[in-house]
Amino acid sequence: MKRIKMTVGQAVVKFLNEQYIEMDGEVTPFVDGMFTIFGHGMVVGLGQALEEEPGRLRVYQGRNEQGMAHAAISYAKQNNRRRIIACTSSIGPGAANMVTAALTASINHIPLLLFPSDSFATRQPDPVLQQMEVASDLSVTASDCFKPVAKYWDRVTRPEQVMSALINAMRVLTDTADCGAAVISLPQDVQGESFEYPESFFQRRIHHISRRCADEYELEKAVEMIMNAKKPLLISGGGVRYSEAGETVMEFCREFHIPVSQTQAGHSALPDSFDLSVGGVGVTGGLAANLLAKDADLVIGVGTRFNDFVTGSKWVLFRNPDVKVLAVNTSEFHAEKVDAVRCVGDAKVTMEAIMERLKAKAYKSGYTTEIEEIKETWEKERLSVLSVQYSGEDFVPCVPSWTPEIMSDYLRDIGGTITESNAVGVLREEIDDDAIVVAAAGSLPADLERLWVTDVKNTYNMEYGASCMGYEIAGALGSKLAAPEQEVYALVGDGSFMMLNSEISTAVQEKQKITVVVFDNTAFGCINNLQMGNGVGSLATEMRYRNEKTGQMDGNYVYTDFAKVGEGYGMKPFTAKTSEEFREAVKAAKKETCSCIIDAKVLPKTMAEGYESWWHIGVASTSGSDGVKEARKRIDEKLKEARMY
C-alpha cells in the first residue's frame, strides 16, 4: 500500500479536492472552496495547507464567521445542494460564531461543512488563548457547542482520525433525507501533525445522489388515498426544488387537475404562471391557497417538513374535519409528521410512479371552476396590495395595529412615504426576470410569498426554516458566487441589516455585484405588529430615542443613513423616500457593474397582511390588559379548531 506523508491540514485540503457528486449521470466537483477568517487556531495549520497547495479550492476571506457560513449555505442552496464551499475558523469566539449558521443549515437541510479549530490535543500549553475551560470536564471546548445543531460532529485528536471523520462528513452532506451541518473540530496542534496516509484515501470519490422510489405498498396506499379524494391540494416544498422535480409536479397536477401551492423553500421550483399554481400556503400564504386548503379533503405534501408556517399551526390545512394527509419525502421522519400516510422516496421518481398508476385508473379531481375563480379573486387582491401608495393624512395602512402617532412620527423624523408592499411591486417590475432575490426574516418573507411571482427556476432564495436575521446579505453573496451571470438582490429590513452586514466587504473584494435593498421602517416591524396586535404595547421593537421625561424608548425615531454605510464599504449608494425615487434607484442600480445599496425609507405597517391564516404564539393567559385578554381569547378559540398533532 502506497503512503503519502503530510499534515492533517494538508490531508483535509487534498481530500476535499477529490470529492465529486453524481446525479442523473452528471458528475460535478462537490467542494469549490473555503471561506476563512484566519486566527491563531489554524493560520499555520490548515491555513498553511491552503496557501501551499490549495488545488482547485478557492479561498474566500470572510469578515464575520457567521456571515461567511451563511454565504456558504446560500451557495449550496443555489446549487441545489450539489456544490458547497467549506468554512474554517479559529478557536473560541471564531468557532462559536458559526454555531448559528450550523443551526440554520441543519434546520433547512442544506449541506454545510465546518472546520472550527480547537484547543491543543496535547494540552501542553493549556489554557491557550480563547480556550473555554470547564473545571469538571477538560475535554469540553467551544466546539462542543455545535453538537446540538450539527447532523454530524467529530473531533480529530490524532492525525489518522481525520480519514473516518471526513468520510462520515461526506456521508451526511450528501444525504438527501437528513443533510445539514457537518462539523469536524481540528485541534490547532493536530492540524500540523504529520501521518503517512494511504494514497487510496485521496483517490477521486464520486458520491451518487440516488433517486429511491417509494416501495410498492406505499405507492398503492398513496394511489388509494388520491382516488378517494375529490378536492386534493398539493404542497410543493424544498424537496421538489432539490430533486429538480418541478416539471414532474406540474405534469402531475395538470393530468389530474390538482392545485399546487409552494412553501418558502419550494418557491421557484415551478413557475408561478402555471395555471394550477395557487401561491403560498399557511401563515405567510395568500388567499387562494388558504381558501382551497379550507375545503381540501386530502393534503399531498411533497418534500415539505410541515412546519407551523406551512400548516398554519395545524389550523389552516385542517379545517375540513375529514381531511387526510399524504407525505412524499426522502426522510421517514418528515414523512410521518401530522399523522400523515408516508410515501418515502425521491420527489421526482415517486411522483412519476404515483402518476403512472393514477393514469391507469383515469383519476380526476372533483374541482370544477373553484381553482380558476379563487385565483382570479386572489390576483385582483395581490395587484391591489402591490399598488397601495401613501395618499396623505387620510392614508390607512394595511396592518390593523397602526396608530396615528406612529405614522406622524415617522413622517416627521424619517420622511419616507414608500409603502412596503408597493416597493416589492416596483422591484418585481424593474429587475430582470432571472434575477435572484434573497431574504430571510421580518415581514419581507410574508410579502414575498404572497406577492412575488417568478417563472425562472431557482430565483427565489428564502431562508425561512430558521428565519435567521442576518442571513440576507451574506446569502446574496453566496447566491452570486453560485450564479455569477445573474443579478442578485438582498431584501433586508433595517433590523437585519444592523445585525450582520459585514460580508458586503467580501462581495466588494471579490467584485461580485450584489444589490442590497434596505426596507427601513425604523423598527423590528413584523415583531412590532405581533406585539401590538396581541394587546402588548410597543416595547423595544421600534428604533426610538430614550425619552428623558418618561425614561422609556418612546422618543423620536432614530434616523440611520444606510446608504452611507454601504458607501463606506465601497457600494454605489442610493436613497429613496418616495415610490418614484425608489423606482429610479432600482433602475439606476441595475445599470451599475459594482455592488449597490438602496436605502428605502418605507412607512411602518404597510406590509401585506395575512389571509385566512393563524399562528399559534404564547399569549399570556393572565394579564391586567384587556387587549391581552382578548388576544388570549382568540388563541383559545382557534385552538379548539386546530389539530393537536
For this session: State, yes or no, whether a side-chain contact exists between V602 and T419 at a heavy-atom distance under 4.5 Å.
Result: no
Exercise. Does the distance from a Lys or Arg side-chain N to an Asp or Glu carboxylate O, for E370 and K231, drop under 4.0 Å?
Worked result: yes
For this session: Kindly compute the distance separating CZ (F395) from CG (L603), expressed to the nearest 0.5 Å.
Result: 6.0 Å
For this session: May I ask you to check whether S268 and T454 show a side-chain donor-acceptor distance below 3.5 Å?
Result: no
Problem set entry | Q531 side chain to T541 side chain, donor-acceptor N/O pair below 3.5 angstrom | yes
Exercise. If you look at every heavy atom in T311 and F306, which pair is closest and at what distance?
Worked result: CG2-O, 3.7 Å
Exercise. Are any side-chain N or O atoms of D455 and backbone N or O atoms of D272, one a donor and one an acceptor, separated by less than 3.5 Å?
Worked result: yes
Exercise. Q78 versus N458: any side-chain heavy-atom pair under 4.5 Å?
Worked result: yes
For this session: Measure the shortest side-chain to side-chain distance between V299 and L326 over non-hydrogen atoms and say whether it is less than 4.5 angstrom.
Result: no
For this session: Calculate, to the nearest 0.5 Å, the distance between atoms CG and CG belonging to L233 and N290 respectively.
Result: 9.5 Å
For this session: Quick one: closest heavy-atom pair of V323 and R643, and the distance?
Result: O-NH1, 4.3 Å
Exercise. For Y460 and Q264, does a side-chain donor sit closer than 3.5 Å to a side-chain acceptor?
Worked result: yes
Problem set entry | N329 and R342: side chain donor to acceptor below 3.5 Å | no
Seminar exercise, completed: Applied to residues 422-438, the side-chain hydrogen bond (donor to acceptor under 3.5 Å, both in side chains) test, sequence neighbours excluded, yields N422-S579, E429-R583, E430-R583, D432-K590
Exercise. What residues form a salt bridge (charged side-chain N to carboxylate O under 4.0 Å, His left out) with K633, not counting sequence neighbours?
Worked result: none
For this session: Drop me the distance from I107's CD1 to T104's OG1, to the nearest 0.5 angstrom.
Result: 6.5 Å
For this session: For E220 and R357, run salt bridge (charged side-chain N to carboxylate O under 4.0 Å, His left out): C-alpha distance rounded to whole Å, both residues' side-chain angles, the deciding distance at 0.1 Å, then the answer.
Result: CA-CA 8 Å; E220 289 302 322; R357 287 160 174 77; 3.5 Å; yes
Problem set entry | Interatomic distance, F497 atom CZ to M499 atom CE [nearest 0.5 angstrom] | 13.5 Å
Problem set entry | salt_bridge(E381, R450) N-O dist < 4.0 Å | no
Exercise. E609 and Y611: which non-hydrogen atoms are nearest, and at how many Å?
Worked result: O-CE1, 3.1 Å
Seminar exercise, completed: Closest non-hydrogen contact found for I418 with A423 is CG2-CB, 3.9 Å
Seminar exercise, completed: Between L444 and V492, the two heavy atoms sitting closest are CD1-N, 3.6 Å
Problem set entry | For the student: nearest non-hydrogen atoms of G237 and T263, plus distance | CA-OG1, 3.3 Å
Exercise. Given V516 and C596, is the side chain to side chain contact (heavy atoms under 4.5 Å, CB included) satisfied, shown in steps?
Worked result: CA-CA 6 Å; V516 177; C596 299; over 6 Å; no
Seminar exercise, completed: Rounding to 0.5 Å, atoms CD (Q389) and OG (S391) come to a distance of 9.5 Å
Exercise. Does E637 CD have over 12 foreign heavy atoms under 6.0 Å away?
Worked result: yes
Problem set entry | Validation row: K294, V316 side chains within 4.5 angstrom (heavy atoms) | no
Exercise. Judged by atom type as modelled, is there a donor-acceptor pair below 3.5 Å linking the side chain of S623 to the main-chain atoms of A620?
Worked result: no
For this session: Measure the CG-CD1 distance between L427 and I598 for me, rounded to the nearest 0.5 Å.
Result: 7.0 Å
For this session: For side chain to side chain contact (heavy atoms under 4.5 Å, CB included), just list the numbers for Q262 and S277, CA-CA rounded to whole Å, side-chain angles, deciding distance to a tenth of an Å, and then say yes or no.
Result: CA-CA 8 Å; Q262 300 180 68; S277 176; 3.7 Å; yes
For this session: Start with the C-alpha distance between K337 and E332, add both sets of side-chain angles, then the distance that settles salt bridge (charged side-chain N to carboxylate O under 4.0 Å, His left out), and finish with yes or no.
Result: CA-CA 9 Å; K337 286 181 176 175; E332 293 187 8; over 6 Å; no
Problem set entry | From CA spacing to verdict: salt bridge (charged side-chain N to carboxylate O under 4.0 Å, His left out), K361, E224 | CA-CA 10 Å; K361 295 177 180 292; E224 180 185 340; over 6 Å; no
Exercise. Below 4.5 Å, heavy atoms only, C-beta onward: do D346 and T176 meet side chain to side chain?
Worked result: no
For this session: Find out whether S243 and V302 are in side-chain contact, i.e. whether some heavy atom of one side chain is under 4.5 Å from a heavy atom of the other.
Result: no
For this session: Could you tell me whether F309 and W615 have their ring centroids closer than 6.0 angstrom?
Result: yes
For this session: With the side chain counted from C-beta on, respond yes when H109 and S331 share a heavy-atom pair under 4.5 Å apart, and no when they do not.
Result: no
For this session: Specify whether Y363 and F256 have parallel, tilted or perpendicular ring planes, treating 30° as the upper limit for parallel and 60° as the lower limit for perpendicular.
Result: tilted
Problem set entry | Under-4.0 Å salt bridge between E379 and K375 | no
Exercise. Salt bridge check: are D636 and R632 linked by an N-O gap of less than 4.0 Å?
Worked result: yes
For this session: With the side chain counted from C-beta on, respond yes when V385 and S387 share a heavy-atom pair under 4.5 Å apart, and no when they do not.
Result: no
Exercise. Can you list every side-chain hydrogen bond (donor to acceptor under 3.5 Å, both in side chains) pair that touches residues 514-524, not counting sequence neighbours?
Worked result: D520-K601
For this session: List the steps and the verdict of salt bridge (charged side-chain N to carboxylate O under 4.0 Å, His left out) for E218 and K221.
Result: CA-CA 5 Å; E218 291 179 348; K221 290 293 290 185; over 6 Å; no
Exercise. Does the pair K605/E420 count as a salt bridge with the N-to-O cut at 4.0 Å?
Worked result: no
